[in-house]
Amino acid sequence: MVAPSDERLAYETLQGNLTAFEELVHRYQRVVFTIAYRMLNHREEAEDIAQEVFITVYQKMYQFDTSKKFAPWIQRITVNTCITRLRKRKKVVLVNFDETVAHRNELTLNANYDDPSIIYDREELKDDIKTALLNLPESYRAMIVLRYQMDMSNQEIADTLGITRENVEVKMHRARKSLRTILMRQREERRNRDELPASR
Amino acid sequence: MNCQQVDKLLYLYCDNQVQPHLCEEIEAHLKNCVACRNNLIMTKMENQALRLKEDIPPTSPDFCKKVMASIIRDYTGTSRDRGGIIQRFRCLVSRRSSLQMAGGLVAALLLFCLLANSSLRSINGYRLENQTRSGDTGPHIASGIAQEHGQPYTASENSGITAGGTQVKEPSRVESISGPGATKTLSGAPDYSRDKLGSLGIPNYQRGHPSPTNSPQLRYIPRPGYLPSGYSLARIEGSLDNTITMVYKNKDDEITIRVMPEGGEQTGTAGESFLRAGKSKSTHPAVAGAQSPAIPDETYGSGGENVYPKVELESPTTTTVALSVNHYGLVYSVQITGALPPEELGRIASSFK
């Protein structure tokens, strides 16, 4: 027997079938939690966000167009919920997709790629990436999470975030540049920390 | 392709999302550029690190149960079925495109009606000409129309009154409008079809009465079910004092029927006619609660205890019969004037519905 599609389950939920919604929760809990965890880097908070997302999905199910895909819709809700939570946490509203962010980071990036020693240490990079992600603006973070954690194409990201594919490409490039800048800065700081005790 | 162009495409190149011809150009550049090769290596390493998922902890085992419990508690009460009702209601409410559109249309229509009605109030009257009627005439209930002065028109006499006469059909279409006070204005005005007139509230019911638009049963004014042979509806006139005048003509003569809505409402079946009983001393239970009639006093004779319609000989050739008609729960005063014998007018009166 073929399992019902997500859209069918969404329709069933609208008809009052809570079992259908339960199945949707089963299917998407990992996706929602992963996005939330990568965005917030905090397990309990990510789970709280995931719960909030599913409740929002249930509340807003009547807004879902069952002729469209369910996955981008729930992922969008997840991203928006995470961004809202991050902004509340910081109590500072960051300007999304502000060109000055990327531009500023590009200016500070002064990597000489001719130098082979610039290449990362693989083990260090794993930790650095996590920290760097958290230092990215929320919108860039969301793009990178969707792209590399959810393995979504630019078109899928565009569908999820409700922007054009070209827009995604431009912003993804900026996000990557920002990420690189942060990584290089972290690397530089670590090098300086390591060198200071040796010089004494 | 220079380093800057390659840099922009590098992360796409790592994911094999670059078009083939661009891919060749990038590879040609990479062969000769050490910096871009290092950049490529770093980008690949970053991609690899970004795709790592091992560090993501699992959700708690009872996560799904918690979510469902929360939903059931907050949104469906104790019953799971209530969720369906709420969702269906929300679904209904959320048909924003259709509902908002419908709401907008209704609002626009109401606004139009208000504006049109207020503009029509400045006109003294208007006449609906060349009206044709069609449709169901329904049962005729004659409840004692005066055959002659003071004489009750009994049911037995009333039976078969339509046999020799003309069955009048309901109005189905108004083809044009003109009126003594409004002819000039309306001649240049847009065409008022019957539907539009209906939406404009013609006949102009008194305040508090349901309008024809919100009560489909009241779309038509009371009309006779019987007319003598040869008579047909020539025109309908409406005026802003809520009086509708229907003129039926044959070759030589005409019958004028004036219909005025009264203030009160009556219970009873549609099409029921009953007798007017003076201005305020009615003994008829159906008329007792009605407001004072809009029919001029002189057509009522002495009023008082008279429970029968007053029949007056206005001139040697014309006679007026006055009565009240309960039409779909509303009471109308009806005057029938024509150059006919009183009993013929009584038959017309008795056929009102």
Side-chain angles (χ1 to χ4, degrees), chain A residues 13-19 21-22 25-26 29-30 32-34 37-38 43-44 46-47 50-51 53-55 58-63 111-116 118-122 125-130 132-133 144-145 147-149 151 153-154 169-170 172-173 176-177 179-180 183-184, chain B residues 3 7-12 14-15 17 33-60 63-72 74-76 79-97:
Chain A
T13 305
L14 279 174
Q15 302 304 309
N17 184 356
L18 273 185
T19 313
F21 186 72
E22 203 168 354
V25 176
H26 273 296
Q29 61 173 326
R30 189 66 191 162
V32 171
F33 179 77
T34 301
Y37 183 76
R38 280 284 177 246
R43 188 182 182 279
E44 281 72 31
E47 200 161 300
Q51 196 167 334
V53 165
F54 283 113
I55 289 169
Y58 184 78
Q59 275 182 312
K60 309 274 183 186
M61 190 65 90
Y62 63 91
Q63 292 179 355
N112 180 9
Y113 294 116
D114 289 333
D115 179 9
I118 201 171
I119 293 173
Y120 305 118
D121 179 89
R122 202 173 289 272
L125 186 62
K126 285 180 187 176
D127 296 328
D128 285 352
I129 281 279
K130 278 195 234 173
L133 262 181
I144 286 179
V145 168
R147 170 77 183 214
Y148 295 103
Q149 288 288 312
D151 292 318
S153 68
N154 283 353
E169 283 175 7
V170 170
M172 186 65 78
H173 178 68
R176 289 303 302 262
K177 296 296 281 182
L179 185 75
R180 173 72 60 84
L183 286 170
M184 297 302 288
Chain B
C3 291
D7 183 50
K8 281 188 178 177
L9 296 169
L10 213 51
Y11 84 95
L12 288 172
C14 290
D15 292 338
Q17 289 191 359
C33 181
V34 178
C36 285
R37 275 206 301 273
N38 286 341
N39 193 4
L40 175 68
I41 294 167
M42 290 169 75
T43 304
K44 281 184 176 176
M45 288 176 76
E46 284 168 7
N47 286 359
Q48 209 175 0
L50 284 169
R51 287 198 164 94
L52 285 176
K53 294 176 186 172
E54 289 83 23
D55 62 318
I56 296 174
T59 53
S60 57
F63 174 80
C64 191
K65 281 181 187 174
K66 274 195 235 173
V67 171
M68 295 311 295
S70 175
I71 285 171
I72 289 167
D74 296 342
Y75 297 98
T76 66
S79 166
R80 286 194 163 205
D81 290 335
R82 271 190 61 199
I85 294 166
I86 290 167
Q87 284 289 7
R88 273 193 286 273
F89 174 73
R90 284 180 176 152
C91 187
L92 185 72
V93 170
S94 78
R95 305 288 181 204
R96 283 177 298 179
S97 53

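Protein chains get the first letters and strands the later ones, always in sequence-line order, with residue 1 at the start of each.
- Interface summary for chain B: among A:Ile144, A:Leu183, A:Asn154, A:Ile129, the most heavy-atom pairs under 4.5 angstrom belong to A:Ile129.
- Using a 4.5 Å cut-off between heavy atoms, B:Ser70 touches chain A through its side chain atoms alone.
- The distance from the OH atom of B:Tyr11 to the CG atom of B:Leu50 is 12.5 Å, given to the nearest 0.5 Å.
- Evaluated for a side chain to side chain contact (heavy atoms under 4.5 Å, CB included) with B:Asn47, the options B:Arg51, B:Lys44, B:Met45 yield exactly one hit, B:Arg51.
- Most heavy-atom pairs under 4.5 Å with chain A, from the set B:Val67, B:Ile56, B:Leu9: that is B:Ile56.
- Contact annotation for A:Ala132: neither backbone nor side-chain heavy atoms come within less than 4.5 Å of a heavy atom of chain B.
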* **Trace of the side chain to side chain contact (heavy atoms under 4.5 Å, CB included) decision for B:Thr43 with A:Arg180** => CA-CA 9 Å; B:Thr43 304; A:Arg180 173 72 60 84; 2.9 Å; yes

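- Between chain B and the residues A:His26, A:Arg38, A:Lys130, the most heavy-atom pairs under 4.5 angstrom are made by A:Arg38.
- The shortest distance between side-chain heavy atoms of A:Phe33 and B:Pro57 falls below 4.5 Å.
- What you find for B:Cys36 and B:Leu10 is that their closest heavy atoms are O-CD2, 4.1 Å.
- Look at B:Asp55 and A:Lys126 and you find no salt bridge, because none of the NZ, NE, NH1 or NH2 atoms lies under 4.0 Å from a carboxylate O.
- Contacts of A:Tyr37 with chain B are made by side-chain atoms alone, with heavy-atom separations under 4.5 Å and no backbone atom involved.
- For A:Asp128, no part lies under 4.5 angstrom from a heavy atom of chain B.
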